[in-house]
Amino acid sequence: MTNKLKYFIGNWKMFGDFKDFKIVNKINQFSYSPRYRSKKKKIILCVPNVLLDNFNKKIGYNHISLGAQNCHHYHGSGPFTGSVNASMLKSSGAEYIILGHSENRSEGESYSIIKKKIISSLDKKFIVIFCIGESLADKRAKKTYSVLREQINGSLDKKFDVNKIIIAYEPVWSIGTNKIPKTHELIKTVKFIKKEYKKIFKTKIDPKVLYGGSVNNKNIGLFSQIDELDGFLIGSASQSSKKFIDIVKNYYK
Ligand code: PGA
């Protein structure tokens, strides 16, 4: 295992209430516990918008960061009932933002809409967690690489600041299914994503690429052996402080 910075990002999805601050609090304390404070890690919890401001104020001295899970593509105010823009989320305490999650793509989010969301979020000084991943049908049709290439090309632009974008590779078939890619396939895919990204940005700097989809405290041991991965996007297991903390602990075992 290398000594590179590793990301552990929780995606609460549509989960949580004000009382669930205790989960955030426990993870925050764990992050700074004597045994783990020296680990080169970054913990981020992406919670529902309505909890951001409250959690941000309560957390006090924070060793972790908060993130949002989506935003409207329009940067200003406007007639978009029920929506929030990147600026509103920033002022609620979010520093990171998940964009392009397959659960939003499946609701009709297009490449160009995601691109506008990225532009708007970067403009507000967010670090963007940009999700890509193939469906089961894509995988069966052996289209994984072409789909990933299309998703990257469709929403990223070489004008973007490469240091402000983290890619989360989340095969759609692995989200919430307890199915994970085979290690050798995952390594190949992550290498492909890094190569493709460097081509677009014409950079020699390796982008950060996370894996997401059914990560738990048991399979994290397998993932910890993959040096190419810069961390994890963790869904349901991040809704429990114990499960989330066990993932981090087992990663460093
Ligand atoms: P999961 O979700 O860990 O519950 O599979 C991951 C995600 O959707 O980000």
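Atoms within a ligand are numbered from 1 in the order they appear, just like the ligands themselves. For this chain, numbers begin at 1 and follow the sequence in order. What you see is a predicted model; the values in this text were computed from it and never measured.
With respect to Lys13, the side-chain hydrogen bond (donor to acceptor under 3.5 Å, both in side chains) criterion is satisfied by exactly one of Glu103, Gln69, Gln239: Glu103.
Counting heavy atoms closer than 4.0 Å to ligand 1, residue Ile175 contributes atoms from both its backbone and its side chain.
From the protein, the heavy atom lying nearest to atom 3 (O) of ligand 1 is Gly235 N, 2.9 Å. In terms of protein heavy atoms, atom 4 (O) of ligand 1 is closest to Ser236 N, 2.9 Å.
At least one donor-acceptor pair closer than 3.5 Å links the side chain of Ser110 to the backbone N or O of Ile113.
In terms of polar-atom proximity, defined here as any N/O pair under 3.5 Å, Thr177 makes no such contact with ligand 1.
Numbered from 1 in the order shown, with element, the atoms of ligand 1 that lie under 4.0 Å from a heavy atom of Gly213 read 5 (O). Of all atoms in ligand 1, listed by their number and element, those nearer than 4.0 Å to a heavy atom of Leu233 are 9 (O). Numbered from 1 in the order shown, with element, the atoms of ligand 1 that lie under 4.0 Å from a heavy atom of Asn11 read 7 (C), 8 (O), 9 (O). Near His101, the atoms of ligand 1 lying under 4.0 angstrom from a non-hydrogen atom of the residue are 7 (C), 8 (O), 9 (O).
Here NZ of Lys115 is found 14.0 Å from CG of Leu99. Values are rounded to the nearest 0.5 Å.
Taking the six-membered ring where tryptophan is involved, the planes of Phe55 and Trp12 are perpendicular, since the angle between them exceeds 60° and thus also 30°. Relative ring orientation between Phe232 and Phe223 is described as tilted, the plane-to-plane angle lying within the 30° to 60° band.
Contact annotation: Ala237 has no heavy atom less than 4.0 Å from any atom of ligand 1. Residue contacts with ligand 1: Gly176 is included, with a non-hydrogen atom under 4.0 Å away.
Between Glu109 and Lys116 no salt bridge is recorded (no basic side-chain N to carboxylate O distance below 4.0 Å). Under 4.0 Å is where a charged nitrogen must lie from a carboxylate oxygen, and between Glu95 and Lys125 no such pair does.
Nearest-residue assignment for atom 9 (O) of ligand 1 (options Gln69, Glu103, Lys179, Glu170; heavy-atom criterion): Glu170.
Aromatic rings of Phe244 and Phe8 (six-membered ring for Trp) have centroids beyond the 6.0 Å cut-off, not under it.
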